[in-house]
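Here is the structure we will look at.
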Amino acid sequence: MKTRISVIVMLFVALFVMGISSISAQVNATAIVTANHLNVRDYPSPYTGNVIARVGLNEVYTVTGRSSLNHWWQLRLSDGRLGWVNGNYITIYNAQLVPYVNPGQPIVQPPPVTQSYGTVTAYYLNVRQIPNPYSGVIIARITRNETYAVVGRNLDSSWWQLRLSDGRLGWVNGDFLTISNAQLVPQTDNTTPNPGGVTTTGVVTAYFLNVRNIPNAIYGVRIAVIARNESYVVIGRNSNSTWWQIRLPDGTTGWVSNGYFSVTNGHLVGITG
């Protein structure tokens, strides 16, 4: 009788241990997002990693790896893709289960001292076409803790010009931005006052001319097509005046190539791209 009881106890203990082992094998490391909005990047760096998705507060994801370079973690998104997030904005459970992952690229060095970066301190921050809260058209909205390259400033450094993730340039109020290496940023809001109310205009010289969202013929998305001899108000240019920013009849703005657009009073136009 004692032998039978012993066998039953041993079987019970064996089954219990097997059950615990099975449960342990199914445990995954998980992360809960603690920021309102958190960018997911294809590489663990805010400077070289491209944004591939954005996750939200209290969302839960499986953690598949940790960076061997810094405090970044690799998540599996709901569509199956893998992406990297800054560990300061997630809470991780079972972190000891997460292996180190080699991102497959050279170690990211700190940003060079020749570049300035700005980090958003407001929950939401409007990006405007020009450095003016009243007449500047909103072209994008960025969120807290996002980091962008700073490429310009206005005369009194109250507004800063950022390069957005899609390549566009826009202006934000400096009260809501923490800036590194600010002394390196040139003044780019150099629009000459408009003497006598003179308007800068341009005329299309090609039969048809593409209008793009950024001043780049390869990466710029076509947003409209304009035709020969049509005239448009010019509101900006790039640094070498090879592209002009125009205002379309519906109020939207876009970029056209200087090779197919004849501009009058171009010297009055400030750099906007």
Side-chain angles (χ1 to χ4, degrees), residues 45-51 108-122 125-195 198-200 202 212-220 233-247 253-259 261 263-273:
S45 168
Y47 309 113
T48 59
N50 297 312
V51 177
V108 178
Q109 301 297 333
V113 295
T114 56
Q115 179 63 67
S116 174
Y117 291 92
T119 301
V120 181
T121 59
L125 180 58
N126 290 329
V127 183
R128 298 182 181 271
Q129 188 180 77
I130 60 174
N132 189 301
Y134 308 109
S135 58
V137 176
I138 297 173
I139 61 172
R141 177 176 287 181
I142 53 182
T143 58
R144 191 170 187 173
N145 296 321
E146 292 181 354
T147 300
Y148 298 90
V150 181
V151 299
R153 61 177 176 84
N154 66 348
L155 180 62
D156 62 0
S157 299
S158 59
W159 286 73
W160 299 84
Q161 191 178 36
L162 307 183
R163 186 175 301 280
L164 302 180
S165 56
D166 60 5
R168 290 181 300 163
L169 300 182
W171 293 87
V172 296
N173 190 317
D175 291 338
F176 308 105
L177 202 67
T178 298
I179 301 171
S180 64
N181 300 317
Q183 74 281 1
L184 303 175
V185 181
Q187 180 187 341
T188 54
D189 177 35
N190 56 356
T191 304
T192 303
N194 195 341
V198 176
T199 300
T200 300
R212 300 183 183 275
N213 66 332
I214 60 174
N216 189 296
I218 298 175
Y219 300 107
V233 173
V234 180
I235 60 174
R237 60 181 175 87
N238 63 351
S239 59
N240 59 3
S241 300
T242 56
W243 288 77
W244 300 91
Q245 190 178 36
I246 64 173
R247 188 178 304 280
T253 63
W255 293 86
V256 293
S257 173
N258 177 65
F261 197 65
V263 177
T264 59
N265 299 315
H267 62 284
L268 300 178
V269 180
I271 299 173
T272 57

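Predicted model, so just to flag it, every value in this text is computed and none were measured.
- The salt bridge (charged side-chain N to carboxylate O under 4.0 Å, His left out) check on Arg168 picks up Asp166, with sequence neighbours excluded.
- Remark: Thr119 pairs with Thr147 by the side chain to side chain contact (heavy atoms under 4.5 Å, CB included) rule, at least two apart or across chains.
- With sequence neighbours excluded, the residues that form a side chain to side chain contact (heavy atoms under 4.5 Å, CB included) with Ile235 are Gln129, Val233, Gln245, Arg247, Thr253.
- Checked against side-chain hydrogen bond (donor to acceptor under 3.5 Å, both in side chains), Ser158 has the following partners two or more places apart in sequence or in another chain: Asn154, Asp156.
- The main-chain N or O of Leu184 is never found under 3.5 Å from a side-chain atom of Asn181 such that the two would form a donor-acceptor pair.
- Remark: Ile246 CD1 to Phe261 CZ distance equals 5.0 Å, nearest 0.5 Å.
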Just distance, no hydrogens or angles: give the donor-acceptor pairs under 3.5 Å from side chains in residues 171-180, sequence neighbours left out.
unit_1 : atom_1 : unit_2 : atom_2 : d
Asn173 : OD1    : Asp175 : N      : 2.9
Ser180 : OG     : Tyr117 : N      : 3.3
Ser180 : OG     : Tyr117 : O      : 3.3

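- For Trp244, the side-chain hydrogen bond (donor to acceptor under 3.5 Å, both in side chains) partners at least two apart in sequence or on another chain are Asn258.
- No side-chain heavy atom of Thr143 sits under 4.5 Å from any side-chain heavy atom of Val120.
- The side chain to side chain contact (heavy atoms under 4.5 Å, CB included) check on Val151 picks up Gln161, Arg163, Leu169, with sequence neighbours excluded.
- Shortest non-hydrogen contact noted between Ile218 and Asn216 is N-OD1, 2.8 Å.
- Among all heavy-atom pairs drawn from Ile138 and Ala140, the shortest one is CG2-O, 3.5 Å.
- Of all heavy-atom pairs spanning Trp243 and Arg212, the tightest one is CH2-CD, 4.1 Å.
- Note that the OG atom of Ser116 and the CD atom of Gln183 stand 7.5 Å from one another [nearest 0.5 Å].
- With sequence neighbours left out, Asn213 forms a side chain to side chain contact (heavy atoms under 4.5 Å, CB included) with Val221, Ile223.
- Of all the heavy atoms in Trp159 and Pro133, the pair that sits closest is CZ2-CD, 3.5 Å.
- Looking at residues two or more places apart in sequence or on another chain, you find a side-chain hydrogen bond (donor to acceptor under 3.5 Å, both in side chains) between Arg144 and Tyr123.
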